[in-house]
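Right, one structure below, let's go through it.
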Amino acid sequence: MYKPIPYHIVAVAVYACILTICILAIVYGLRTRAYVKREKITALPRGFSPLDVQRIFIGKTYPRRLTRALIVHWAQLGYIRVEYVSRYKVKLVCLKKPTAHSSKNAVFFDRGTYMHERDIFNSLFTPQRRGEITVNILMPLVSRDKVKCIKSSYAVREDEGVYSSKHYKLKVVTFILSFAPFALCGIYMCITGSFTGIIPPFMMMLGMFVFRFMREIPFWFRFIWSMGWMGAATALTVVFFNSIFDPWYIAYASIAILVLGTYVLIQFIDHREKNNLADYSDLVNYRKFLLFSGKKKLSGVDYYQALPYLYAFNIKPLVKRKFSTDRLPDWYISEHGKRGALL
């Protein structure tokens, strides 16, 4: 049943949320863009780690994504030798360990990141393993509990100094504003129908929570399970609003902003300190160099030197064909010349 006054109040609130999200995305997106230098960056500083890339470029690290990046990075530095086992498995042989950060021979971009990376390395090559370990390159190098244990030895967050507390508050506010229109549609359904209108927002929240935060569940199982909940919630909302008079199309608008706001526009809400945006701009420009340069421009770039960063940026499939990859690196041992998925 259509009720004009509640409907128009909900419609105004829905579009107010959408307008606020768009304004936040434009304002903070332009702020970030203003501090990104327009210059050509063809290499990153010596000692720059894939951990540095994800810490600065994304704001946090994803252990599963870093497995291949760190293996190649350590091999390039001479810490390990890599031996082919199967397409997705390699044996890592420790040749030497990273020196302490206080050593004059230590080369790093960020001291905290270097210490974190060194702890990960030492947790892998323990005396019990005799300097050898076989790993699946599709899995995290260390368990979630081990990562928490390593991080607990530091007094501050890994991303301290990259993002301010205001950044995280803005992310939370943006997520709430993105979800609010869908919840308002549920409230209107309760007003005009029955209290079953609260079910679609609950189903949507459950599906989104599992998909975004239950990372220990395999991706495809998590994706299918979550899409089932979110798809059902979407269908119930659309069916209800199609059965009544909906001149402002608030059902479709709430679904659109829920997807765009939580997965696209929220990426533009970036409130870093200005000095960190300078480092961020170097990464943006280096990524552009790798993505948009042709084979001729990349002919002088060593593929294996750039490979850790291709993994960290998650762009290897897009740019690998531009490099010459005929030879195997000196640190890679393959009895029959097989490359596997690592290279």
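Index from 1, following the sequence.
Distance alone, capped at 3.5 Å, places no donor-acceptor pair between the R68 side chain and the L138 backbone. With K171 contributing its side chain and I266 its backbone, the two residues share a donor-acceptor pair below 3.5 Å. Between the R81 side chain and the V93 main chain, no donor and acceptor come within less than 3.5 Å of each other. Side chain of K322 to main chain of L291: a donor-acceptor pair is present (N/O by atom type, distance under 3.5 Å, no hydrogens or angles). Distance alone, capped at 3.5 Å, is enough to place a donor-acceptor pair between the Y309 side chain and the F48 backbone. Side chain of S226 to backbone of F223: no donor-acceptor contact under 3.5 angstrom is found. At distances below 3.5 Å, not a single donor-acceptor pair connects side-chain atoms of S334 with backbone N or O atoms of R339.
Here F209 pairs with F213 under the ring pair (Phe, Tyr, Trp, His ring centres under 6.0 Å) rule; sequence neighbours left out. For F292, the ring pair (Phe, Tyr, Trp, His ring centres under 6.0 Å) test picks out no residue, with sequence neighbours left out. Checked against ring pair (Phe, Tyr, Trp, His ring centres under 6.0 Å), W229 has the following partners two or more places apart in sequence or in another chain: W225. Remark: Y332 engages no residue in a ring pair (Phe, Tyr, Trp, His ring centres under 6.0 Å) (not counting sequence neighbours).
I250 has its side chain within reach of Y7: a pair of non-hydrogen atoms, C-beta onward, lies under 4.5 Å apart. Looking at heavy atoms from C-beta onward, L342 lies out of side-chain contact with L307 at the 4.5 angstrom threshold. Contact check for F289 versus L298: side-chain heavy atoms found under the 4.5 Å cut-off. Side-chain atoms of W331 and I80, non-hydrogen and from C-beta on, never get closer than 4.5 Å to each other. The side-chain heavy atoms of T113 and F108, taken from C-beta on, include no pair separated by under 4.5 Å. When side chains are defined from C-beta on, F179 does not count as touching T262, because their heavy atoms never get closer than 4.5 Å.
The local environment of CG in D330 is sparse, with at most 12 non-hydrogen atoms from other residues, nucleotides or ligands closer than 6.0 Å. Within 6.0 Å of CZ on F241 lie more than 12 heavy atoms contributed by other residues, nucleotides or ligands. In the displayed structure, Y263 atom OH is contacted under 6.0 Å by more than 12 heavy atoms of other residues, nucleotides or ligands. Atom NZ of K320 has more than 12 neighbouring heavy atoms from other residues, nucleotides or ligands inside a 6.0 Å radius.
Scanning both residues, Y304 and V72, for their nearest heavy atoms gives O-CG1, 3.8 Å. Between A100 and A106, the closest heavy-atom pair is O-CB, 3.4 Å. Contact detail for Y311 and A69: the closest heavy-atom pair is CB-CB, 3.6 Å. Heavy-atom minimum distance, T42 versus Y286: O-CE1, 3.5 Å. For the residue pair F182 and A233, the shortest heavy atom distance occurs at CZ-O, 3.7 Å. Pairing each heavy atom of V301 with each of A306, the nearest pair is CG1-CB, 4.3 Å.
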Subject >> Test side-chain contact (heavy atoms from CB on, under 4.5 Å) applied to V53 and F109, step by step >> reply: CA-CA 10 Å; V53 173; F109 178 79; over 6 Å; no

**OP:** Take D302 and R327 through the test salt bridge (Lys or Arg N to Asp or Glu O under 4.0 Å) and record every step on the way to the result.
**Re:** CA-CA 11 Å; D302 183 357; R327 67 174 181 86; 3.3 Å; yes

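Taking CD from Q54 and CZ from F313, the interatomic distance works out to 9.5 Å, rounded to the nearest 0.5 Å.
Residue pairs satisfying the salt bridge (Lys or Arg N to Asp or Glu O under 4.0 Å) criterion with at least one member in residues 292-301, sequence neighbours excluded, are absent.
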Could you list the donor-acceptor pairs under 3.5 angstrom formed between side-chain atoms of residues 8-15 and any protein atom two or more places apart in sequence or on another chain?
{"from": "H8", "atom 1": "ND1", "to": "P4", "atom 2": "O", "distance (Å)": "2.7"}
{"from": "Y15", "atom 1": "OH", "to": "W248", "atom 2": "O", "distance (Å)": "2.5"}

